[in-house]
**Student:** 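Handing you this structure, nothing more for now.
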Amino acid sequence: MNLPDHTRRLSRRRLLTLAGGAAVATATGIGFAQSASAASAASSATGYGIDYSDASLTAGSVAGAGYGFVCRYLSWLPNSKVLTLSEAQALTAAGLGIVSNWESDGLQSWQSGVPSDPYSQGAGHATEAQRQALANGMPSSRPIYFSVDFDLQPSMYSALNSYFDGVASVIGRSRTGAYGGYHVIQELFDNGKIAWAWQTYAWSGGNWDSRAQLRQVQNGITVAGHDADLDQAMAADFGQWGGKGGGSGVILPSWPNITDGMTGPSVQAAQYLLRHHGASITADGQFGPATLAATKSFQSTHGLGVDGQIGPQTWSALIVQVQKGSSGDDVRAAQVELNRFGYGLAVDGSFGSGTDSAARAFQSAHGLGADGQIGPQTWQMLVGS
């Protein structure tokens with residue numbers, strides 16, 4: 001969530017943008033459907049958006065970057081991070097869907113002691129959350145997510161369930177959602193306490209609950225110069241309201257699966273990214289024993305399944321945003337991928353005017369926002385195409 005409350009989490013493991021409405025799995029990758037009915041008919045709906053606390057990030061900038069929804073916050077007032085009516089109207093006018101999330105401290109105060117009456121706390125949070133959400137134009141049928149923003153331990157599960165009973169007493173179980181790690185989401189779903197879930201990769205150890213409609217998959221991205229986190233919708237309906245499905249409508253290809261014995265530019269790009277994350281390997285474009293060991297070490301460090309294969313989750317954890325002025329092995333990886341499309345760049349690790357021009361040209365040619373920043377969407381298009 002990249003909020004002031006969340007800075008303690010930004011050093012944890014990281015990992016992608018609903019563009020053009022709901023997205024559906026296709027034979028060639030991930031495509032963006034233009035209607036909820038079409039998306040709901042798909043076997044696996046996915047899409048991407050962002051969450052952020054900086055209200056100065058404009059709706060136009062979000063839509064222009066190709067994102068199709070935002071997760072925005074409700075909390076005790078006064079608080080500069082909360083969604084306002086004017087912002088909600090601007091987001092809707094830009095075609096962006098809005099997801100409502102309550103977060104005062106994300107229950108982090110529980111780490112100093114669980115409240116004596118968590119049910120009443122949940123009811124109190126839900127009362128104020130609903131008041132603000134309705135004042136911002138949210139339809140009364142839409143869900144609200146409530147944050148559990150720390151690694152809550154099993155000893156607190158009884159209080160957790162009681163808290164969400166309190167939430168449901170105000171807004172109804174069918175509208176009650178939770179944000180949290182894998183074990184929190186699993187506990188609440190298994191006990192029938194929530195109907196909606198926004199799962200974060202933090203505290204999840206690479207596990208995902210398939211019932212969660214929304215995932216937070218990467219902290220610390222930059223959108224139009226503002227900090228944000230990246231979210232992935234796993235269903236056509238993930239609790240969004242207000243938007244018309246905006247975004248670029250671009251089709252993002254599937255991430256490739258790079259394995260031991262393979263060769264080529266994408267292997268070399270992966271090697272450069274592994275080097276950026278501290279691996280001592282040669283970026284020679286050949287996936288041999290050293291690259292295999294480095295991949296497994298990276299996966300273990302980042303809480304991913306340790307299989308030695310660079311697939312979607314590992315790619316998503318490896319990539320980092322690069323832009324004009326950046327330098328290093330992460331830039332070399334981007335230059336290698338751009339050269340696959342004929343840009344003829346020197347792989348020197350310096351993101352200068354030539355790399356910037358190539359990045360913008362590639363983005364423009366592929367229907368992406370041509371800002372020169374190689375972020376998650378551009379990486380996925382580069383590597384997957």
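One is the number of the first residue; the rest follow in order along the sequence.
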**Student:** When you group the ILVMFWY residues by side-chain heavy-atom contacts below 4.5 Å and let the links chain together, are L318 and L382 in the same group?
**Tutor:**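 Same cluster: L382 reaches L318 through Ile, Leu, Val, Met, Phe, Trp or Tyr contacts under 4.5 Å.
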**Student:** P376 versus I319: any side-chain heavy-atom pair under 4.5 Å?
**Tutor:**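 The answer is yes; the side chains approach within 4.5 Å.
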**Student:** Is it possible for you to say whether I221 and Y52 belong to one hydrophobic cluster, with membership spreading through side-chain heavy-atom contacts below 4.5 Å?
**Tutor:**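 Yes; tracing contacts between hydrophobic side chains, which count when under 4.5 Å, links both residues.
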**Student:** I need the minimum non-hydrogen distance between F150 and G106, along with the two atoms involved.
**Tutor:**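 Scanning both residues completely, I find the closest heavy atoms to be CD2-O, 3.8 Å.
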**Student:** Atom CG in L230, atom CD in Q218: separation rounded to 0.5 Å?
**Tutor:**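 Output value for this atom pair is 5.5 Å.
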**Student:** What are the two closest non-hydrogen atoms of S100 and L74, and how far apart are they?
**Tutor:**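 Smallest heavy-atom distance, with atoms named: CB-CD1, 4.1 Å.
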**Student:** Are side-chain heavy atoms of L188 and N161 found at a separation under 4.5 Å?
**Tutor:**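 Heavy-atom side-chain distance check passes, below 4.5 Å.
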**Student:** Indicate yes or no for a side-chain donor-acceptor contact from Q321 to the backbone of Q373 under 3.5 Å, with no hydrogens or angles considered.
**Tutor:**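 Here the side-chain-to-backbone pair does not exist.
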**Student:** Can you check whether A293's main-chain N or O pairs, donor with acceptor, with S297's side chain at less than 3.5 Å?
**Tutor:**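 The answer is no, because no donor-acceptor pair under 3.5 Å joins these two groups.
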**Student:** Among Y179, F164, W198, W196, find the residue that satisfies the side-chain contact (heavy atoms from CB on, under 4.5 Å) test when tested with F146.
**Tutor:**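 Answer to the side-chain contact (heavy atoms from CB on, under 4.5 Å) test with F146 among Y179, F164, W198, W196: F164.
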**Student:** Would T314 and Q299 count as having a side-chain donor-acceptor pair, cut-off 3.5 Å?
**Tutor:**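 Result is yes, a qualifying pair exists.
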**Student:** Distance-only, no hydrogens or angles: does the T200 side chain make a donor-acceptor pair with backbone N or O of A202 under 3.5 Å?
**Tutor:**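 Checked: pair present.
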**Student:** Would you say the side-chain atoms of N207 pair up with the backbone N or O of S204, donor to acceptor, closer than 3.5 Å?
**Tutor:**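 Side chain of N207 to backbone of S204, a donor-acceptor pair under 3.5 Å: yes, one is there.
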**Student:** Check step by step if side chain to side chain contact (heavy atoms under 4.5 Å, CB included) holds for S141 and R175.
**Tutor:** CA-CA 7 Å; S141 61; R175 295 176 54 221; 5.5 Å; no
**Student:** Which word best sums up how the rings of W102 and H125 line up, parallel for under 30°, tilted for 30 to 60°, or perpendicular for over 60°?
**Tutor:**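 Taking H125 first and then W102, their aromatic rings sit tilted (interplane angle of 30° to 60°).
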**Student:** Do Y343 and Y272 belong to the same hydrophobic cluster, where Ile, Leu, Val, Met, Phe, Trp and Tyr are linked whenever their side-chain heavy atoms lie under 4.5 Å apart, directly or via other members?
**Tutor:**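 No, separate clusters.
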**Student:** Taking T92 for the side chain and G242 for the main chain, is one N or O donor matched with an acceptor at less than 3.5 Å?
**Tutor:**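 Confirmed, T92 side chain pairs with G242 backbone.
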**Student:** Would you check if the side chain of E128 reaches a backbone N or O of W76 as a donor-acceptor pair within less than 3.5 Å?
**Tutor:**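 No: the side chain of E128 does not pair with the backbone of W76.
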**Student:** Can W110 and Q121 be counted as having a side-chain donor-acceptor contact under 3.5 angstrom?
**Tutor:**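 Looking only at side-chain atoms, Q121 and W110 do form a donor-acceptor pair, the distance falling under 3.5 Å.
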**Student:** What is the distance from atom NE2 of H366 to atom CD of Q380, rounded to the nearest 0.5 Å?
**Tutor:**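 Atom-to-atom, H366:NE2 and Q380:CD are 12.5 Å apart.
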**Student:** Using modelled atom types only, decide if a donor and an acceptor are shared between the side chain of Q111 and the backbone of L107 within a distance under 3.5 Å.
**Tutor:**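 Not a single qualifying donor-acceptor pair exists.
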**Student:** Nearest heavy-atom pair of Q199 and D209: which atoms, and what distance?
**Tutor:**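 Distance-wise, the nearest heavy atoms are OE1-N, 2.9 Å.
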**Student:** Indicate the atoms forming the closest heavy-atom contact of D231 with I50, along with that distance.
**Tutor:**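 Where D231 meets I50 most closely, the heavy atoms are OD2-C, 3.2 Å.
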**Student:** V331, F341: one ILVMFWY side-chain cluster at the under-4.5 Å cut-off?
**Tutor:**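 Yes, it is one cluster - the side chains of V331 and F341 are joined through contacts under 4.5 Å.
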**Student:** Working to the nearest 0.5 Å, report the span between OG1 of T378 and CD of Q363.
**Tutor:**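 So the OG1 of T378 and the CD of Q363 are separated by 4.0 Å.
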**Student:** Do you reckon V347 sits in the same ILVMFWY cluster as V322, going by side-chain contacts under 4.5 Å, direct or chained?
**Tutor:**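 Different clusters.
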**Student:** Kindly indicate, with the supporting measurements, whether the criterion side chain to side chain contact (heavy atoms under 4.5 Å, CB included) is fulfilled by F298 and L304.
**Tutor:** CA-CA 8 Å; F298 176 84; L304 305 171; 4.3 Å; yes
**Student:** Heavy atoms, side chains only, cut-off 4.5 Å: are F351 and I374 in contact?
**Tutor:**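 Contact flag for F351/I374 side chains = yes.
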**Student:** Answer whether the closest heavy-atom distance between the side chains of Q268 and T291 falls below 4.5 Å.
**Tutor:**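 Side-chain contact under 4.5 Å: no.
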**Student:** Could you grab the distance from atom CG of N101 to atom CZ of R72, nearest 0.5 Å is fine?
**Tutor:**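 So the gap between those two atoms works out to 10.5 Å.
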**Student:** Can a side-chain donor-acceptor contact be found between D237 and Q213 if the only test is distance below 3.5 angstrom?
**Tutor:**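 The answer is no; no qualifying pair exists.
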**Student:** Specify the closest pair of heavy atoms between V383 and S266, including all atoms of both residues, with the distance to one decimal.
**Tutor:**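 Heavy-atom minimum between the residues: O-OG, 4.2 Å.
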**Student:** Do the side chain of Q240 and the main chain of V99 share a donor and acceptor less than 3.5 angstrom apart?
**Tutor:**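 Not confirmed, Q240 side chain does not pair with V99 backbone.
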**Student:** When rounded to the nearest 0.5 angstrom, what distance separates CD in E187 from CG in L160?
**Tutor:**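 So the CD of E187 and the CG of L160 are separated by 6.5 Å.
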**Student:** Give the C-alpha distance, both sets of side-chain angles, the deciding distance and a yes or no for side chain to side chain contact (heavy atoms under 4.5 Å, CB included) between V114 and S158.
**Tutor:** CA-CA 10 Å; V114 174; S158 177; over 6 Å; no
**Student:** Determine the minimum heavy-atom distance between F287 and V267, stating which atoms define it.
**Tutor:**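 That would be N-CG1, 3.7 Å.
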**Student:** Within the distance-only criterion (no hydrogens, no angle test), does the side chain of R173 pair as donor or acceptor with the backbone N or O of K193 below 3.5 angstrom?
**Tutor:**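 Present.
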**Student:** Apply side chain to side chain contact (heavy atoms under 4.5 Å, CB included) to S357 and R360, showing your working.
**Tutor:** CA-CA 5 Å; S357 295; R360 291 175 187 270; 5.9 Å; no
**Student:** Give the ring-plane orientation class for W255 versus W315, where under 30° counts as parallel, over 60° as perpendicular and anything between as tilted.
**Tutor:**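 Rings of W255 and W315: parallel, under 30°.
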**Student:** Side chains of M138 and I98: closer than 4.5 Å at any heavy-atom pair?
**Tutor:**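 Sidechains of I98 and M138: no contact.
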**Student:** Does some side-chain heavy atom of E103 sit less than 4.5 Å from a side-chain heavy atom of K81?
**Tutor:**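 Contact flag for K81/E103 side chains = yes.
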**Student:** For residues N339 and P265, determine if any side-chain heavy atom of one lies less than 4.5 Å from a side-chain heavy atom of the other.
**Tutor:**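 They are not in side-chain contact.
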**Student:** Can you check whether L273's main-chain N or O pairs, donor with acceptor, with D329's side chain at less than 3.5 Å?
**Tutor:**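 Checked: no pair found.
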**Student:** Any non-hydrogen side-chain atom of Y119 less than 4.5 Å from a side-chain atom of S169?
**Tutor:**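 Y119 reaches S169 side chain to side chain.
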**Student:** Please tell me whether N136 and Q132 have a donor and an acceptor in their side chains that are separated by less than 3.5 angstrom.
**Tutor:**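 Checked: N136/Q132 side chains show no N/O donor-acceptor pair below 3.5 Å.
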**Student:** So, taking the atom named CG in L134 and the one named CG in L85, what distance separates them when rounded to the nearest 0.5 Å?
**Tutor:**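 These two atoms lie 12.0 Å from each other.
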